[in-house]
J.: 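To start, I am sharing the structure in question, which I have written as structure tokens.
Since we're looking at a predicted model, the values are computed, not measured.
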Amino acid sequence: MTPAPHETAHEPARQDALDLTPAPGAAPVPRMILAQTGYELRTLLRNGEQLLLTLIIPVVLLTLFGATSLLDLGPGPRVDFLTPGILALAVMSTAFTGQAIGTGFERRYGVLKRLGATPLPRSGLIAAKTLTVVAVEVLQAAVICSVAAAMGWRPHGDPLSVLALVLLGTAAFSGFGLLMAGTLRAEATLAAANLVYILLLAVGGVVFPLDEFPAGIRDALELLPISALAEGLRDVLRDGAAFPGGPLLVLAVWAAAGLALAARFFRWE
């Protein structure tokens, strides 16, 4: 075969070399956020205590008080009163209690400090934690609503109002959960978060009707975020309210205050 004009008999044709030059650089922020979200979600679901707090306790309370007459829950099916309160409890357990405890111990063991040295920005870490909370809440809602439906629950109402209540409730509880985790020692956060969980479960209208309290105390309890979320969900899912303005306003105030305080006082180390 006759060589090409630019070749000789002793020099084969040149071939493009494979470029193995390193191309250093951080991954795109959305990809880092999704990777961190996956890590946070796997860590949470592998934690038996967190799983007990976020899934098992709400379902046990729903089935226990829904199937027995231990409490007078007023007229109508018991499950219609309980399910919105249990959904509110699930939001609190994930956005406040679980997040406060988990973040508190991450702060103590230096996990947050090490993450701060990675290309993942702090806003990306907060976004990943927020996505994790939302993903767990979706799982909780699916499980709780399935159990409630098996018990005869038939919800109705405006889905957008439910979404607004849940998002504002999540923001309110997340803000105060991060505030607690970022200002107290991990052991103090563990004790305080569990104490708040028990107290709000008892007096927040989750399984005990607020009508059972004296008028003055009831008025004060209605201003709690858990009470506003539980009563707002009842207004929509049980009574068919289109826009529960009072509960939404209470949750918006708590969300603004909690997020502002967390942004001001949270310490990463």
J.: If you take all heavy atoms of Leu82 and Gly66, which pair is closest and at what distance?
T.: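 That closest heavy-atom pairing would be CD1-N, 3.3 Å.
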J.: Please check: side-chain N/O of Ser161 versus main-chain N/O of Ala242, any donor-acceptor pairing under 3.5 Å?
T.: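 Such a contact is found between Ser161 side chain and Ala242 backbone.
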J.: Please check: side-chain N/O of Arg238 versus main-chain N/O of Thr83, any donor-acceptor pairing under 3.5 Å?
T.: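 No, Arg238 side chain to Thr83 backbone: no donor-acceptor pair under 3.5 Å.
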J.: Please test Thr54 against Gln140 for side chain to side chain donor-acceptor pair (under 3.5 Å), starting from the C-alpha separation and ending with a verdict.
T.: CA-CA 7 Å; Thr54 58; Gln140 289 174 303; 4.6 Å; no
J.: Answer whether the closest heavy-atom distance between the side chains of Val206 and Leu200 falls below 4.5 Å.
T.: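 With C-beta onward as the side chain, the pair stays apart.
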J.: Tell me whether Arg78 forms a cation-pi arrangement with Phe65, defined as NZ or CZ under 6.0 Å from the six-membered ring centre and within 45 degrees of its axis.
T.: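 Here Arg78 fails the 6.0 Å and 45° test against Phe65.
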J.: What distance separates Leu55 CG from Ser93 OG, expressed to the nearest 0.5 Å?
T.: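 OG of Ser93 is found 8.0 Å from CG of Leu55.
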J.: Once rounded to the nearest 0.5 Å, what's the spacing between atom CD of Glu187 and atom CZ of Phe105?
T.: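 Rounded to the nearest 0.5 Å, the CD-CZ separation comes to 5.5 Å.
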J.: Could you grab the distance from atom CD of Glu106 to atom NZ of Lys129, nearest 0.5 Å is fine?
T.: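 Rounded to the nearest 0.5 Å, the CD-NZ separation comes out at 3.5 Å.
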J.: CG/Leu210 to CG/Leu221 distance, rounded to the nearest 0.5 angstrom?
T.: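 If I round to the nearest 0.5 Å, the distance is 6.0 Å.
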J.: Are the side chain of Thr63 and the backbone N or O of Val60 linked by a donor-acceptor pair below 3.5 Å?
T.: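 At least one qualifying donor-acceptor pair exists.
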J.: If the plane angle is over 60° it's perpendicular, under 30° parallel, otherwise tilted; pick one for Phe176 and Trp254.
T.: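 The arrangement is perpendicular - the two ring planes meet at more than 60°.
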J.: If you compare all heavy atoms of Met180 against all heavy atoms of Thr189, which two are closest, and at what distance to 0.1 Å?
T.: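 Closest pair (atom of Met180, atom of Thr189, distance): O-OG1, 3.4 Å.
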J.: Does any non-hydrogen side-chain atom of Phe266 lie less than 4.5 Å from one of Leu179?
T.: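 With C-beta onward as the side chain, the pair stays apart.
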J.: Which atom names give the shortest non-hydrogen contact between Ala171 and Ala255, and what distance separates them?
T.: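 In terms of heavy atoms, the two residues are closest at CB-CB, 3.9 Å.
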J.: Enter the distance from Thr97:OG1 to Met92:CE here, rounded to the nearest 0.5 Å.
T.: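 Going from the OG1 atom of Thr97 to the CE atom of Met92 covers 5.0 Å.
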J.: Closest heavy-atom contact between Ile101 and Ala193?
T.: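 For Ile101 and Ala193, the tightest heavy-atom pair comes out as CG1-CB, 4.0 Å.
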J.: Counting only N and O atoms by type, is there a donor-acceptor contact under 3.5 Å from the side chain of Asp239 to the main-chain atoms of Ala241?
T.: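 No, Asp239 side chain to Ala241 backbone: no donor-acceptor pair under 3.5 Å.
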J.: So, does Gln36 use its side chain to make a donor-acceptor pair with the main chain of Met32 at under 3.5 Å?
T.: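 No; judged by distance alone, with no hydrogens or angles, the pair does not exist.
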